[in-house]
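Have a look at the structure below, then the notes.
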Amino acid sequence: MSARDHRLVFFGPPGAGKGTQARRLASEFGFAHISTGAILRKIIRADTPLGQEARRYINDGNLVPDRIVRILAEDAILDEDFSGFILDGYPRTLQQAEWLQEFLQSQNMSLTVAINFVLTDEEVISRLSQRRIHRLTGENFHLSNKPPPPEEAEFMISRSDDQPEAIQQRLKIYYRDTHPLVEYYHFRGLLCSIDASGAFSEVQSKICEVLQLP
Ligand code: AMP
């Protein structure tokens, strides 16, 4: 199968590596990488009215209201002609999952696979508290596993929602709102759960195997 044949959802707890894996698959196989988190951060930087509304939710570790992310996600899917995309971090609630299904169905389409990234809470906390992002390139680092080059230290920032209180809140919200997607996609025969605790390359191999990509 090729990337164009797929319509994928990546979901899981924060820090599970969904974004990193999606970025790599996009550059290697030509998937469109649709990250609602990245789109939201962009409109926050642009300081649009929607961005101002979204900022409060994100900084506190809460989900942005469904009605806002729905518009952003559907516009992005439309831009890709309904195929060849990875939705990274959308849907995050059952309501969003229902809307997504209806939206695809309106074009006689459906998802091909929903990949559930499985990671323990301890690992989530360790990864997020040590995550650093390059202010200019957006590249992700981890203070122990992938330390930033010393000469780039001044460009490293920690996301405002990677602070301890926001991490706890994001985990709580994950279990309440997003984890029910496991059952939702299992019931529809779309679920594929992947152990996300291994090295980047191991996780990538598992995903490629599932997607039948070389
Ligand atoms: P991410 O970059 O995927 O970790 O997303 C960062 C933050 O953006 C999340 O913690 C949420 O506050 C918000 N966000 C991203 N995607 C969604 C979504 N599908 N529904 C609600 N909020 C979202």
Side-chain angles (χ1 to χ4, degrees), residues 7-26 31-46 48 50-77 85-104 111 114-117 119 121 123-135 137-142 157-182 184-185 196:
R7 287 171 292 281
L8 306 175
V9 160
F10 282 9
F11 74 103
K18 308 180 288 287
T20 317
Q21 292 291 345
R23 263 192 298 280
R24 177 64 70 88
L25 289 170
F31 284 100
H33 174 201
I34 302 174
S35 156
T36 39
I39 299 171
L40 285 162
R41 283 187 289 280
K42 199 165 147 193
I43 62 171
I44 288 173
R45 279 197 301 276
T48 63
L50 213 56
Q52 287 169 5
E53 190 181 346
R55 176 185 281 126
R56 289 186 285 126
Y57 295 100
I58 294 187
N59 285 351
D60 291 345
N62 290 317
L63 293 184
V64 173
D66 288 336
R67 66 184 159 79
I68 296 181
V69 265
R70 176 192 197 178
I71 300 168
L72 303 175
E74 292 187 358
D75 277 354
I77 294 170
F85 59 76
I86 300 172
L87 286 170
D88 158 18
Y90 185 89
R92 261 178 158 101
T93 65
L94 288 174
Q95 174 66 81
Q96 293 176 17
E98 282 291 337
W99 280 336
L100 175 63
Q101 185 171 304
E102 284 166 22
F103 186 59
L104 295 176
L111 291 173
I115 295 187
N116 170 30
F117 286 63
L119 202 66
D121 292 358
E123 184 74 4
V124 166
I125 293 164
S126 149
R127 285 194 187 185
L128 294 183
S129 54
Q130 297 199 63
R131 174 158 73 177
R132 295 293 180 274
I133 298 177
H134 195 291
R135 192 153 47 83
T137 64
E139 188 176 353
N140 276 8
F141 294 89
H142 182 275
I157 50 169
S158 183
R159 267 169 51 169
S160 50
D161 56 346
D162 281 348
Q163 307 311 314
E165 275 173 18
I167 294 174
Q168 289 298 341
Q169 180 65 4
R170 286 161 76 195
L171 261 176
K172 199 173 108 195
I173 300 285
Y174 163 74
Y175 282 110
R176 194 190 68 191
D177 294 337
T178 310
H179 194 260
L181 294 180
V182 174
Y184 179 90
Y185 284 124

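Remember, it's 1-based here, ligands and their atoms both numbered in the order they're listed.
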Consider every N or O of [X] and every N or O of ligand 1, then say whether any pair is closer than 3.5 Å.
X: Ser35; value: no
X: Pro91; value: no
X: Gln96; value: yes
X: Arg92; value: yes
X: Asn62; value: yes
X: Val64; value: yes

One finds that the ligand 1 atoms under 4.0 Å from a non-hydrogen atom of Arg170 are 4 (O), 10 (O)
So the atoms of ligand 1 within less than 4.0 Å of a heavy atom of Thr36 turn out to be 15 (C), 16 (N), 17 (C), 19 (N)
Which distance, rounded to the nearest 0.5 Å, do you find between the [atom1] of [X] and the [atom2] of [Y]?
X: Tyr57; Y: Asp161; atom1: OH; atom2: CG; value: 15.5 Å
X: Leu100; Y: Ile77; atom1: CG; atom2: CD1; value: 5.0 Å
X: Ile157; Y: Phe141; atom1: CD1; atom2: CZ; value: 12.0 Å
X: Glu98; Y: Arg70; atom1: CD; atom2: CZ; value: 11.0 Å
X: Leu8; Y: Asp88; atom1: CG; atom2: CG; value: 11.0 Å

How are the rings of Phe10 and Phe117 set to each other: parallel, tilted or perpendicular (split at 30° and 60°)? tilted
So for Lys18, does at least one of its heavy atoms come nearer than 4.0 angstrom to any atom of ligand 1?
no
key: Test item, Tyr90 contacting ligand 1 (heavy atom, 4.0 angstrom)   = yes
The salt bridge (charged side-chain N to carboxylate O under 4.0 Å, His left out) partners of Asp162 (sequence neighbours excluded) come to Arg131, Arg170
Taking CD in Glu102 as the centre, count heavy atoms belonging to other residues, nucleotides or ligands within less than 6.0 Å. Is the count above 12? yes
Give the residue, atom name and distance (to 0.1 Å) of the protein heavy atom nearest [atom].
atom: atom 4 (O) of ligand 1; value: Arg159 NH2, 3.2 Å
atom: atom 13 (C) of ligand 1; value: Leu40 CD1, 3.6 Å
atom: atom 8 (O) of ligand 1; value: Ile58 CD1, 3.5 Å
atom: atom 2 (O) of ligand 1; value: Arg41 NH1, 2.9 Å

Checking the side chain of Gln96 only, and the main-chain atoms of Arg92 only, is there a donor and an acceptor separated by less than 3.5 Å? yes
